[in-house]
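Written below as structure tokens is the structure these notes are about.
Numbered from 1 within each chain, the chains take letters A, B, ... in sequence-line order. Hydrogens, waters and symmetry mates are skipped; everything else that's a heavy atom, side chains included, is used.
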Protein chains: 2
Amino acid sequence: MQKAHSDLAAKLEQELRRGVLMLAVLSQLKDNQYGYSLRHALDAKGMPIEEGTLYPLLRRMEEQGLLQSEWKIEDGPPRRYYRRSKDGERIYRDLAEQWRALVGTVEGLMEESTS
Amino acid sequence: MQKAHSDLAAKLEQELRRGVLMLAVLSQLKDNQYGYSLRHALDAKGMPIEEGTLYPLLRRMEEQGLLQSEWKIEDGPPRRYYRRSKDGERIYRDLAEQWRALVGTVEGLMEESTS
DNA sequence: CTATATACATAGTTACACACAGTATGTCAA
DNA sequence: TTGACATACTGTGTGTAACTATGTATATAG
């Protein structure tokens with residue numbers, strides 16, 4: 001059956017996106033935003049991410065000093081708002097540059113084998 | 001000290017490159033090539049990869065049916081030559097397309113926050 | 001008052017990159 | 001001939017991170 005192929009392809013696609021998730025999150029947190037809304041924003045822009053991935057990721061990034069957060073109680077349920085910290089800004093710029101370099105490298109690797 | 005920052009940045013860069021390694025390997029294995037030479041070829045093209053990463057990766061990809069290999073004994077020590085299989089060709093095309101899509105998505109995510 | 005959307009959290013599983021160490025062959029120069 | 005270095009591959013252990021699944025709690029609509 002064709003199942004094996006599509007399973008593998010899906011797994012590989014996931015691996016592809018893995019390293020990019022942090023960059024994607026950083027890119028969206030210039031202004032305050034909470035997890036749930038961030039998740040839907042990313043989804044709308046073609047970068048879906050599971051809850052079980054996003055929330056731990058946000059916590060981790062705060063631990064690493066890339067994000068700052070605070071609880072806010074408004075109309076709805078309590079929400080935790082995140083935004084980039086000073087370090088987060090710097091790392092984001094570094095990471096964005098590394099990303100562009102990587103894109104160039106991969107382009108170079110692939111171009112020879114264009115069918 | 002600045003150490004913490006550069007450590008983190010290095011770790012993130014590694015994560016960034018992680019998903020791309022398989023794509024990079026696939027891109028180079030249109031023709032027969034053995035691990036050691038492949039490693040140096042990738043290094044020369046801006047995609048360095050550790051031995052402890054590359055060799056298990058090649059084995060794994062063969063298990064998954066993406067590569068075919070055979071031992072050859074010539075002048076030097078025995079070498080294991082790898083090349084893309086039929087499935088490998090197909091997956092490579094899929095993966096390359098997903099990569100291009102991902103590049104577009106990330107571009108879209110980042111462009112708003114250009115300083 | 002019950003179903004659904006909102007909002008966040010976490011335990012468990014799996015996969016992978018790397019550091020480190022080991023084995024063995026080939027080459028070259030003192 | 002021996003010792004150093006490059007070549008070529010293998011294996012173990014460790015750490016990190018994404019996902020699945022599940023749980024908790026608050027709002028809102030019928």
Could you grab the distance from atom [atom1] of [X] to atom [atom2] of [Y], nearest 0.5 Å is fine?
X: B:Leu102; Y: B:Glu107; atom1: CG; atom2: CD; answer: 11.0 Å
X: B:Arg80; Y: B:Trp71; atom1: CZ; atom2: CH2; answer: 5.5 Å
X: A:Glu97; Y: A:Tyr92; atom1: CD; atom2: OH; answer: 12.5 Å
X: A:Asp94; Y: B:Glu13; atom1: CG; atom2: CD; answer: 9.5 Å

Taking the side chain from [X] and the backbone from [Y], do they hold a donor-acceptor pair closer than 3.5 Å?
X: B:Arg84; Y: B:Leu26; value: yes
X: A:Glu70; Y: A:Tyr81; value: no
X: B:Gln28; Y: B:Leu42; value: no

[X]: partners by salt bridge (charged side-chain N to carboxylate O under 4.0 Å, His left out), with sequence neighbours left out:
X: B:Arg79; result: B:Glu74
X: A:Glu15; result: B:Arg18
X: A:Asp87; result: A:Arg90
X: B:Arg59; result: none

So which of [range] are in contact with DNA chain C, with a heavy-atom cut-off of under 4.0 Å?
range: residues 50-64 of chain B; result: B:Glu50, B:Gly52, B:Thr53, B:Arg60
range: residues 35-48 of chain A; result: A:Gly35, A:Tyr36
range: residues 13-21 of chain A; result: A:Glu15

Report task. Would you please name every residue forming a side chain to side chain donor-acceptor pair (under 3.5 Å) with A:Thr105, sequence neighbours left out? Result ->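 So A:Thr105 forms no side chain to side chain donor-acceptor pair (under 3.5 Å) with any residue.
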Requested in this report: Please tell me which of A:Asp75 and A:Ile49 maps to the more 5' nucleotide of DNA chain D, matching each residue to the nucleotide holding its nearest heavy atom.
Outcome: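 Closer to the 5' end of DNA chain D: A:Ile49.
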Pairs of donor and acceptor atoms involving the side chains of residues 61-68 of chain B, under 3.5 Å and at least two apart or interchain, shall be tabulated with distances.
residue : atom : partner : partner atom : Å
B:Glu62 : OE1  : B:Ser69 : OG           : 3.0
B:Glu62 : OE2  : B:Ser69 : N            : 3.2
B:Glu62 : OE2  : B:Ser69 : OG           : 2.9
B:Gln68 : OE1  : B:Arg83 : NH2          : 3.3

Query raised in the report: Which nucleotide span of DNA chain D, 5' end to 3' end, has atoms closer than 4.0 Å to non-hydrogen atoms of chain A?
Result: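 Listed 5' to 3', the contact boundaries are D:dT16 to D:dA27.
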Query raised in the report: When the ring planes of A:Trp99 and B:Trp99 are compared, do they come out parallel, tilted or perpendicular, using 30° and 60° as the limits?
Result: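 Correct class here is tilted.
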Query - Most 5' of B:Pro78 and A:Arg79 on DNA chain C, judged by nearest nucleotide - result: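 It is A:Arg79 whose nearest nucleotide is closer to the 5' end.
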Let me have the donor-acceptor pairs involving side chains of residues 46-58 of chain B, under 3.5 Å, with sequence neighbours excluded, atom names and distances please.
none

Report task. Under 4.0 Å from any heavy atom of chain A: name the first and the last nucleotide of DNA chain C that qualifies, 5' to 3'. Result ->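 Footprint of chain A along DNA chain C, 5' to 3': C:dT6 to C:dC16.
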